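Contents: one structure, followed by commentary.
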Number of protein chains: 2
Amino acid sequence: MAQLAGVSVTTVSRVINDYPHVSKAKKDKVFWAMDKLGYVPMQAARQMRGSGSQTIGVVVPEIINPFFSYLINAIERTVDKLHYKTLIIQTFGRKQNELTALDYLKRHQVDGIILCALENDWDIIKGYQKYGQIAVCNEYVDEDTIPMVIGDQFNGLRQGTEYLISKGKTKIAYCTGRDSLLLQQRGKNFDSDRYLGFTTALQAHDLSFNPAWLFTNAHSIEDGQAILKQLSQMAQKPDAIITGSDEVATGIVSLAKSLNIQIPQDLSVLGVDDQPLAKFLSYPLTTIRQPITQMGQQVAEVLIDNIKGTTEPAQKIKLDLQIVPRESA
Amino acid sequence: MAQLAGVSVTTVSRVINDYPHVSKAKKDKVFWAMDKLGYVPMQAARQMRGSGSQTIGVVVPEIINPFFSYLINAIERTVDKLHYKTLIIQTFGRKQNELTALDYLKRHQVDGIILCALENDWDIIKGYQKYGQIAVCNEYVDEDTIPMVIGDQFNGLRQGTEYLISKGKTKIAYCTGRDSLLLQQRGKNFDSDRYLGFTTALQAHDLSFNPAWLFTNAHSIEDGQAILKQLSQMAQKPDAIITGSDEVATGIVSLAKSLNIQIPQDLSVLGVDDQPLAKFLSYPLTTIRQPITQMGQQVAEVLIDNIKGTTEPAQKIKLDLQIVPRESA
DNA sequence: CTGAAAGCGCTTACAG
DNA sequence: CTGAAAGCGCTTACAG
């Protein structure tokens, strides 16, 4: 290509990389030759020189979960505008896969990584910061050097609970995806913040939480169905349930009719996420919407800012959740 | 690393690549050193030498469509077992993005590509075959050299239509995602095969198709809603509709109640895909299920076979679709 | 069975 | 403003 353009490879490299001092004449010749040959620089060679890959890695548990596919979508559309590409990595919940993803940083396969879920302890992940930029989305990280974009779980769940109470509900059950409930100071942890939002609203109305109404490991539609079956056999039944996800809510409402439970009269069901089909379900889901598009966009912008070296203190962005009233509550 | 192991880099390379003649002693030393240093070979350097990237590109329109995210999921789990990685590329329906994806073949970024949708004319895509393996999934390609895995659209739609007829329906409307109906010899084209399956069933029962009941460009939930509105104002109304996708079906059933249309009595609605939430909708969808998991698995296996040089004639695999009877039809 | 050397396609001091 | 040369981390003839 340099030959066709009649310049040195050095000059070609310079025009490709927008190096300042190149004469217009040579620049034009290079562009002409590039066009003529359909030349595209080989990524691998650039990576090997340690130059940027113009790629950012997006690590998610799995893309069949609509929350994550929509998040990826928002991220990809944003980085695309900034002339970056995206490498999607699924962990399937395995620690090792997250580590492999972080290794891409070490090998210059990606310039930065967005973690949309955390599998490994933070102490381990931290060690990869020296190889490239890391940002976290939808998880809390209490580390000054890491940019983070999250939904405001505390206020989202508080408002959701207030909403149920305003509808006259007083016996509210609670689901979490984890295998136990975690309690920390506010602002430190995703699940803890959710639960604190829930109990804060309860306390404001002198209500208390019955531990028998706590359901752990609740992820899927099937989990939701199992939960409703348990509920239906309790002597003391709750009159509302906060499900932690639209999947679990879907499972619950799907079985209500056959168990002779009226929704929302007997049981109000509150989802989280506002997935695309939530409003078309047999009972359109009242749910707490997460600002997925904004989350994806902001985390992508912040990360690329950091890659480009805008070295201000790491940003911590908190976005509002929003109650979407429909029929299930 | 070679230094630590006390061998030449040549030997290290040979160990890593399973080259046959290396003494056990040196091999062990290399493994020991690899482990000690946490060494991982740098992809970029291997790619530059033209060695394989152990990566296959998966090109889809967009991952927020569950059909494609589930397909990717199946592909990824399969290539993972075969020690390959996956690079997901979304075209968003743009020809240029598909070409960029194919360029990865040229630059050795991927060893092969699975096209799950076709944006460009086949003549253009064909030109990339010399750079690496290409396989097609869920689209018809009439080219001996290209492996292809598809669902049997003809029989799927034929059975779906038969099902509607068996329920007493005779006035059946038809939707397509394209902007026009294409007719070709059977086995040549995805949409044509669907339509042929439909009309073949019709003819077997001496029924005919009223062209006023053809709806084009039907993709989304909103499209489905628009279609139902049109239908409701027709003098001659159909008593069933084949929607071409669960999204369109969802749009139709979502509006039925407010337009005073009884499903399935007044209008039977038949979806295609069997998306995860199809059975939880206000009217659980009767739908034609595509064998997504098998499709993904088979196309991945065939492609990797070809990459490894099992140069038999390109396989054409056709998988059965399946009617899932529920309440919408 | 093993190693020294060339080369893949780039970028970056260095020198002019 | 421009170019010759070194080097990034690998693999692959070539020679032994």
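This one's a predicted model, so the numbers in the text were calculated from it and none came from an experiment.
Note: A/L303 CG to A/I113 CD1 = 9.5 Å, rounded to the nearest 0.5 Å. Taken from CG in A/D111 to NZ in A/K308, the straight-line distance is 10.5 Å, to the nearest 0.5 Å. Here B/E301 contributes atom CD and B/I317 contributes atom CD1; the two are 8.5 Å apart, rounded to the nearest 0.5 Å.
The nearest heavy atom of DNA chain C to B/K24 and to B/A45 marks one nucleotide each, and the one closer to the 5' end goes with B/K24. Mapped onto DNA chain C by nearest heavy atom, B/S8 and B/R107 fall at different nucleotides, with B/S8 at the one closer to the 5' end.
In the set C/dG3, D/dT2, C/dG9, the nucleotide with an atom closest to the side chain of B/K26 is C/dG3. Closest contact between the side chain of B/H21 and the listed nucleotides C/dC1, C/dC8, D/dA4 involves C/dC1.
The CE-C1' distance, from B/M48 to C/dC10, rounds to 7 Å in whole Å. Rounded to whole Å, the distance from CG on A/D18 to P on C/dT11 is 12 Å. Between B/K27 atom NZ and C/dC1 atom C1' there is a gap of 12 Å when expressed in whole angstrom units. Taking atom CE of B/M42 as the reference point, atom P of C/dG9 lies 16 Å away to the nearest angstrom. Put simply, CD on B/Q109 is 12 Å from P on C/dC10, counting in whole angstrom units. One can place CE of A/M1 at 12 Å from P of C/dT11, the figure rounded to the nearest angstrom. Look at CD on B/Q3: it is 14 Å from P on D/dG9, rounded to the nearest Å. In this structure, A/Q43 places its CD atom 15 Å from C1' of C/dC8, rounding to the nearest Å.
In plain terms, the two heavy atoms of A/L118 and A/E139 that are nearest each other are N-OE2, 3.6 Å. Closest of all the heavy-atom pairs between A/A44 and B/M48 is CB-N, 4.2 Å.
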Checklist entry - Please walk me through it: do B/S13 and B/T10 pass side-chain hydrogen bond (donor to acceptor under 3.5 Å, both in side chains)? => result CA-CA 5 Å; B/S13 175; B/T10 308; over 6 Å; no

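Remark: A/R107 is not positioned above the aromatic ring of A/Y131, lacking an NZ or CZ atom under 6.0 angstrom from the ring centre and at most 45 degrees off the axis.
Base pairing annotation: D/dT2 forms a Watson-Crick or G-U wobble pair with C/dA15, both donor-acceptor distances under 3.5 Å.
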Might you list the N or O atoms of the protein lying below 3.5 Å from N or O atoms in nucleotides 12-15 of chain C, with each pair's distance?
| unit_1 | atom_1 | unit_2 | atom_2 | d |
| --- | --- | --- | --- | --- |
| C/dT12 | O4' | A/R49 | NH2 | 3.4 |

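Residues from residues 32-41 of chain A with heavy atoms under 4.0 angstrom of DNA chain C, sorted by number: A/Y39, A/P41.
In this structure the side chain of B/V59 never reaches within 4.5 angstrom of the side chain of B/I114, judged on heavy atoms. Residues A/Q153 and A/Y140 are in side-chain contact: their nearest non-hydrogen atoms beyond the backbone lie under 4.5 Å apart.
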